[in-house]
Amino acid sequence: MEAPALWRRHLDDTFEFLNQIRKSSSQQEICQHLISYAERFGARNVLAGPIPPPRALRREQISHVLLDAWPRQWSERYFSKGYLHRDPTIQLVKRGTTPFRWSEIDQVSRVCSFGRQIMAEASEFNLRDGFTIPFATLNGQPVGFSVAGEKLEPGPHDRLAFQFVAACAFGCAALLADGKQASKPVRLSPRQQDVLRWVAEGLTVEQVADRLNVSRNTADTHLRLMRQRLGVTNNVQAVTTAFRLGLIS
């Protein structure tokens, strides 16, 4: 009984943390929550936003940043010198790769000398090690979400958990940037709320089907209809969006 109780407590702690992010009144407050979370594996800075088009001018590039707790002097140098689209981390984000440590970049991409220079200059501002999570908006625009510090030591659980946290934080930051909440209230039935809670607890589609006493295809249809109602493309986004909107707790 001890292990299940501990597992449930960890889930409750996660939801409580996400609730703090959802209640944030500013993007800076979201950054503070993220850093307090990421410090457990060594990260002390965060930067996130959609990737602007290649020909975007400096002002437009900066306007795409939604979460900014990055060294100010480094940001000024980075954008004034046009480093964005030559940055190896941004190139991987645009390729839609899986989340990666900066120390893993050489394993998945060939880095040019200029790219190495950018990374070396970042280290001058205590950005020696980082973890980047690529996202994509519903219309396919790439999004980069990075945390960094002197030395990061995220374990496998940290990497998975932070992807979940980052998705929720980015959604909340986007709403704050727009200056509005969702224009049309989304309502879920009690059964749909139960299904989302089960997914949040880690149940597979097959396990959800067992609890509903229906076929796997029927359970999958329930999930697909909920994703459509929430305007998301996968179950992780469905859970984070429902939690952000206060539909589950």
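- Residues Gln27 and Leu67 come closest through the heavy atom pair O-CD2, 3.6 Å.
- Under the side-chain contact (heavy atoms from CB on, under 4.5 Å) test applied with Ile118, the options Lys81, Arg77, Arg86 reduce to a single match, Arg86.
- Using a 4.5 Å cut-off between side-chain heavy atoms of Ile, Leu, Val, Met, Phe, Trp and Tyr, with links allowed through other members, Val205 and Val214 fall into the same hydrophobic cluster.
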key: Candidate pair Leu18 and Phe164, rule side chain to side chain contact (heavy atoms under 4.5 Å, CB included), full reasoning   = CA-CA 9 Å; Leu18 294 178; Phe164 187 69; 3.2 Å; yes
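- Looking at every heavy atom in both residues, Arg95 comes nearest to Val108 through NH2-O, 3.3 Å.
- Of all heavy-atom pairs spanning Leu84 and Pro52, the tightest one is CD2-CG, 3.4 Å.
- To the nearest 0.5 Å, atoms CG (Leu188) and CD (Gln193) are separated by 6.0 Å.
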task = Show your reasoning for whether side chain to side chain contact (heavy atoms under 4.5 Å, CB included) applies to Thr132 and Leu92.
result = CA-CA 9 Å; Thr132 295; Leu92 285 177; over 6 Å; no
request  = Determine, step by step, whether Trp74 and Asn45 satisfy the side chain to side chain contact (heavy atoms under 4.5 Å, CB included) criterion, reporting the C-alpha distance in whole Å, the side-chain angles of both residues, the deciding distance to 0.1 Å, and the verdict.
outcome  = CA-CA 12 Å; Trp74 170 238; Asn45 303 93; over 6 Å; no
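- Between the side chains of Gln117 and Glu121, at least one donor N or O lies within less than 3.5 Å of an accepting N or O.
- Nearest heavy-atom pair, Phe135 versus Gln163, reported as atom, atom and distance to 0.1 Å: CZ-O, 4.3 Å.
- Looking at Leu196 and Leu247, their side chains never come closer than 4.5 Å, going by heavy atoms from C-beta outward.
- Met226 contributes atom CE, which lies 10.5 Å from atom OG1 of Thr221 (distance to the nearest 0.5 angstrom).
- The distance from the OG atom of Ser146 to the CH2 atom of Trp70 is 5.0 Å, given to the nearest 0.5 Å.
- Asn217 and Ser215 share no donor-acceptor pair across their side chains, judged by distance under 3.5 Å alone.
- Between the Ser109 side chain and the Ile105 main chain, no donor and acceptor come within less than 3.5 Å of each other.
- Considering CG of Leu127 and OH of Tyr78, their distance stands at 11.0 Å, rounded to 0.5 Å.
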task = Mind running side chain to side chain contact (heavy atoms under 4.5 Å, CB included) on Leu152 and Trp102 for me, showing each step along the way?
result = CA-CA 10 Å; Leu152 271 61; Trp102 292 0; over 6 Å; no
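- When atom types are taken as modelled, the side chain of Gln107 and the backbone of Glu104 share no donor-acceptor pair closer than 3.5 angstrom.
- Atoms NE2 and SG, on His33 and Cys168 in that order, are 11.0 Å from each other to the nearest 0.5 Å.
- Taking the side chain as every heavy atom from C-beta outward, Val65 and Phe79 approach each other to under 4.5 Å.
- In this structure, the separation between CD1 on Ile30 and CD1 on Ile35 is 12.0 Å, given to the nearest 0.5 Å.
- Checked against the 6.0 Å centroid criterion, the rings of Phe145 and Phe170 do not qualify as a close aromatic pair.
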